[in-house]
Amino acid sequence: SKAEQVRAAPPAEPLPRVLHPGFTVVAGPCSAEDPRQLDEVGAELVRLGVRCMRAGVWKPRTSHGGFQGHGPPALAWMRGACDRYGLELWTEIRDLANIPEAEGRVDVAWIGARNGQCFELLRAVGRSFPRVVLKRGAGMTVEEWIAAAGYVQAGGAAVALCERGIRGFDRSFRNTLDLAGAAWARRLSGLEVLVDVSHSTGLPALAAPMAAAAQAAGLDGVMAEAHPRPRESVTDADQALSFAELGAMVRGLR
Ligand code: PEP
Ligand code: MN
């Protein structure tokens, strides 16, 4: 039962960690667009003391006609920027076919919300990348999310969870941020848990307060989308933080 799970003794072996100690901030554009964009983001992250860059190289799009990501060239641009600025490279592995193109070039591989229960992908990513983040599908329960993480662990990887909002009824928000679900998942699983403050709300104005809330809830970090020129972002322009908004979010954390 749930109560028994919560009371169960913590695992004898400490779980392998995905994140470094302290509260982790991962930030960067929705999509890796060009080398200049990634360079500007890298320089800003260093100024803010942020150590992890995110960007989508293979984009999961609702419509097949949407921009699908620049693929391997974008990964090379991103690797260049991350190495230049000493940042970790975080990107999504969208399909099995991305794995050979990304293996050895990525610090943290994430599984996107749309693939949260694509078990063969989870297993394969767990075999190919040592550090993996599993985003929660918009329709997944906390139990399903934790169970899916087991497929990644079965491949041998260290896994962390990322709450990115679930499908709710209120269209004021892109999704509904389930902060309680994130805190509960952390308690039930012992895994590290991040909150994606961008996809969960869709509202830049909520990034700073929700990041602070994630920290207050005892979670392990936040992910945010930021762009040097938000309105020019080729994907998710409406939710992209400006550098000023990103700075405010970071300064609001302890
Ligand atoms: C993303 O982080 O770029 C993304 C597509 O998010 P999600 O899978 O949570 O929708
Ligand atoms: Mn996005």
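When a ligand or atom number is given, it counts from 1 through the structure's own listing order. None of the values given here were measured: they were computed from a predicted structure. Nothing fancy with the numbering, it's 1 onward along the sequence.
The Glu225 neighbourhood of ligand 1 comprises atoms 3 (O), with distances under 4.0 Å to a heavy atom of that residue. Annotation for ligand 1: atoms under 4.0 Å from non-hydrogen atoms of Lys59 are 3 (O). Ligand 1 places these atoms under 4.0 Å from at least one heavy atom of Arg114: 8 (O), 10 (O).
For His199, the N/O/S atom at the shortest distance from the Mn ion (ligand 2) is named NE2. Between the Mn ion (ligand 2) and the N, O or S atoms of Glu225, the shortest distance is to OE2. Asp236 contributes OD2 as its N, O or S atom closest to the Mn ion (ligand 2).
In the candidate list Glu163, Arg136, Arg54, Arg61, Arg54 is nearest to atom 3 (O) of ligand 1, counting heavy atoms. Distances from atom 10 (O) of ligand 1 to the heavy atoms of His199, Arg164, Met223, Glu92 put Arg164 nearest. Closest heavy-atom approach to atom 5 (C) of ligand 1 among the candidates Gly137, Pro60, Gly112, Ser200: Pro60.
In this structure, the side chain of Ser233 does not engage the main chain of Asp236 through any donor-acceptor pair within 3.5 Å. Between the Asp196 side chain and the His199 main chain, a donor and an acceptor come within less than 3.5 Å of each other.
In terms of polar-atom proximity, defined here as any N/O pair under 3.5 Å, Ala113 does make such a contact with ligand 1.
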side-chain contact (heavy atoms from CB on, under 4.5 Å) evaluation trace for Leu188 with Ile146: CA-CA 8 Å; Leu188 288 177; Ile146 294 170; 3.7 Å; yes
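Distance from atom 6 (O) of ligand 1 to its nearest protein heavy atom, with residue and atom name: Lys135 NZ, 3.0 Å.
In the hydrophobic clustering of ILVMFWY residues, with side-chain heavy atoms under 4.5 Å counting as a link, Leu194 and Ile166 come out apart. Under the 4.5 Å side-chain contact rule for hydrophobic residues, Phe23 and Leu161 share a cluster.
More than 12 heavy atoms of other residues, nucleotides or ligands sit less than 6.0 Å from atom CG of Asp83. Within 6.0 Å of CZ in Arg79 there are more than 12 heavy atoms belonging to other residues, nucleotides or ligands.
His70 has its ring centre no less than 6.0 Å from the ring centre of Trp58.
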